[in-house]
Amino acid sequence: MKLSGIFRINKGRFILIFLMIILAAVIDTLSQYLMTPAFNNLKNLNFLGFVIFIALSRFYDICRLLLSSGSDYLYSKQSQSYLHKIRKKISLYLFKKQIDDTASVQNNLAANLDQLTRNYLEPIKAAFLDGLMVIFSIAVLFSYNWSLVLLTLILTLVSLLLPKVFEKMSSNATIEVTKSNEKLLKAISNWINGLDELRRYSSFRIYSDSMNQAADAYKKAAIRQGATIAIADLATSIVNIGGQIILMILAAYLYFNGQIVFGAVIITIQFCSTVMNGTALLATQWNLIKSSKKLNEKITSLEGASAPLQNEHQDENVAKLQIKGLQHQFKNGELISYPDLTIKSGEKVLVTGDSGSGKSTLFKLILGKLSPTSGKVIFEDKNGKEIKLNRDEVGSTR
C-alpha cells in the first residue's frame, strides 16, 4: 500500500481532493486571522466593525466545513477503490497458491486492510491537513513577530521527534494484534467444524476454554496496542500544553512592550495553539503511519506475489478459437493428438469420447494449465489478430 497507488486509482479525483484540503486550510487560517481586526474594533468600542469581522469569520468557517466534508467523501471513494484493487490482487494470489485456510483469508482480506485503513490511509489525509495548518499558522505568526516563530519552531521540532521514541513499540504492537486476530479466527474455524462432536459428548467446557484462551490473547494484544498509542499521545500532549503556556507568556510580554497590537495578542495565542495542536496531531498521525509499516510490507508482498494481470478482460474481444497441430505427451510416454479445430464466438461444441481419451486434457491445454508438446491454441479477434489472454480469466464448465 503506497501513496502513489492511491494517486493512480483516479488521478483527477486525487488532485481535486488535495486542492480542496489546501483551500480549506487557507480559508480556516483566514477565518482565524479576521479575529485580529475584530478584537481591535472591540477594544476601540467599534461594535459594528466587530460584528462585521465576526460574521465574515463565521462565513469562512462554513466554507471550510463544506470543503472538508466534500474532501472526506471523495477521499473515502478513492481509498475504497484502492482497497478493492488490493483485494483483487490478494484474492488472485490466494487462488493461485490454493490457500483455503479460512482464518488466513479473512485476516488478509478484511482485518489487515481495516487496520491499514485506520492506521495508514486515514492518517495520510489528516496529516496533510494538520501540516498545512501548522505552516500557515507559522506564516501568520511571522507577520506578527519573528520571536513567536522561533519559539514555535523549537517546540514543533521537539513534538516531531517524539514519535521516533515510540515508533518500534507501536509497530510491534500492531503486528501482534493482527497475529492474535488470525489465531482467534483459526480457533473459531477449527472448533466450529467439530461442534457436532462436542455437543454429542457434552464437551462444552473444552470448547469454551479453548475459545476463551484465543480471545484472551487477542484482548491482551489489543490492550497493549491501545496502551502504546495512548502513552505516545500523552507524551506529545504534555509537550503541547507546556509549549502553549510558554507561547502565551511571550505574546503577553510582546504586547506590554508595544511590539504587537491587542487583537494580535489574543489571535497569536490562538495561532500558537493551532501550531502546537496541529503538531501534536501531526505527530500522532505520523506515529500511526509508522506503526503500520510491518503490516504494510506484508500486504505489499502479497500484492507483489500475485502476477500482474496482463491483457485483463481481453477475453471479451475473442471472436475465434483455433487449435492447430495440438499434441500433448505425458511422462509415461502416452501421446494424445487432437484434430485441427476452429470454434467461433457463440458456437456450442460438444466434445465426446471414452474415459481417458483426452477430453479433460484438451480443456487444460486451452486454459493454459498444461503446455502442449507441439501445436498451438490460438485466440483471435474479429480481424484475425492473435490475442494474448490472461488465462486466469478463462474458465470452463462441465
Side-chain angles (χ1 to χ4, degrees), residues 18 21-44 53-54 56-57 60-61 64 68 123-167 170 229 231-290:
F18 282 90
I21 295 172
I22 293 170
L23 186 57
V26 170
I27 290 175
D28 192 17
T29 304
L30 181 60
S31 172
Q32 294 181 63
Y33 186 79
L34 285 174
M35 298 303 292
T36 299
F39 283 113
N40 282 334
N41 277 286
L42 184 63
K43 181 177 180 293
N44 296 327
F53 281 109
I54 288 292
L56 281 172
S57 177
Y60 284 129
D61 276 341
R64 174 187 59 81
S68 296
I124 283 176
K125 179 179 179 294
F128 182 67
L129 176 59
D130 293 334
L132 286 175
M133 291 306 303
V134 168
I135 293 170
F136 293 158
S137 296
I138 288 175
V140 173
L141 289 174
F142 188 80
S143 70
Y144 289 155
N145 191 281
W146 65 269
S147 61
L148 291 170
V149 178
L150 179 61
L151 179 56
T152 301
L153 289 176
I154 292 172
L155 294 170
T156 299
L157 182 61
V158 173
S159 296
L160 289 175
L161 290 175
L162 275 179
K164 284 289 182 183
V165 179
F166 302 97
E167 181 181 320
S170 298
I229 294 173
I231 292 170
D233 290 347
L234 176 62
T236 304
S237 298
I238 291 173
V239 172
N240 176 28
I241 293 170
Q244 288 189 46
I245 293 172
I246 296 171
L247 284 165
M248 281 191 261
I249 294 171
L250 177 59
Y253 173 81
L254 292 172
Y255 171 67
F256 285 118
N257 282 274
Q259 297 184 46
I260 57 176
V261 297
F262 174 76
V265 174
I266 301 173
I267 305 310
T268 293
I269 296 171
Q270 187 174 330
F271 274 114
C272 290
S273 178
T274 299
V275 171
M276 295 308 300
N277 286 329
T279 302
L281 290 172
L282 184 61
T284 299
Q285 304 302 338
W286 182 252
N287 195 38
L288 285 173
I289 292 170
K290 297 300 288 185

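Numbering starts at 1 and runs along the sequence shown. Note that the structure is predicted; figures quoted are calculated from it, not measured. Any value given below was found using the heavy atoms of this structure, including those in side chains, with hydrogens, waters and symmetry copies removed.
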| query | When you measure from the side chain of S57 to the backbone N and O of F53, does any donor-acceptor pair fall under 3.5 Å? | reply | no
| said: Which heavy atom of Q285 sits nearest to which heavy atom of A127, and what is that distance? | reply: CB-CB, 3.9 Å
| Do I246 and L250 come close enough that some side-chain heavy atom pair is under 4.5 Å? | no
| Do I54 and M35 come close enough that some side-chain heavy atom pair is under 4.5 Å? | yes
| task | Can you measure from CG (D130) to NZ (K125) and round to the nearest 0.5 angstrom? | result | 9.5 Å
Report, one line per pair, each donor and acceptor closer than 3.5 Å where one atom sits in a side chain of residues 257-265; sequence neighbours left out.
unit_1	atom_1	unit_2	atom_2	d
N257	ND2	Y253	O	2.8
Q259	OE1	N145	ND2	3.3

| said: Minimum heavy-atom separation for L141 and F271, please, with both atom names. | reply: CD2-CB, 3.9 Å
| So which heavy atom on R64 is nearest to which on A24, and how close? | CG-O, 3.7 Å
| So how far is it from F18 CZ to L129 CG, rounded to the nearest 0.5 Å? | 10.0 Å
| field | Nearest-0.5 Å distance, CH2 of residue W146 to CG of residue L151 | value | 10.5 Å
| said: To the nearest 0.5 Å, what is the distance between CG on L148 and CD1 on I138? | reply: 11.5 Å
| said: Test side-chain contact (heavy atoms from CB on, under 4.5 Å) on V149 and Y144; report intermediate values, then the result. | reply: CA-CA 9 Å; V149 178; Y144 289 155; over 6 Å; no
| Between CD1 of I22 and CZ of F136, what distance do you get to the nearest 0.5 Å? | 7.0 Å
| request: Mind checking the CG-OG spacing from D61 to S68? Nearest 0.5 Å is all I need. | output: 10.0 Å
| Given side chains that start at C-beta, do those of D28 and T274 come closer than 4.5 Å, heavy atoms only? | no
| said: Between Y33 and S143, do the side chains contain a donor N or O and an acceptor N or O under 3.5 Å apart? | reply: no
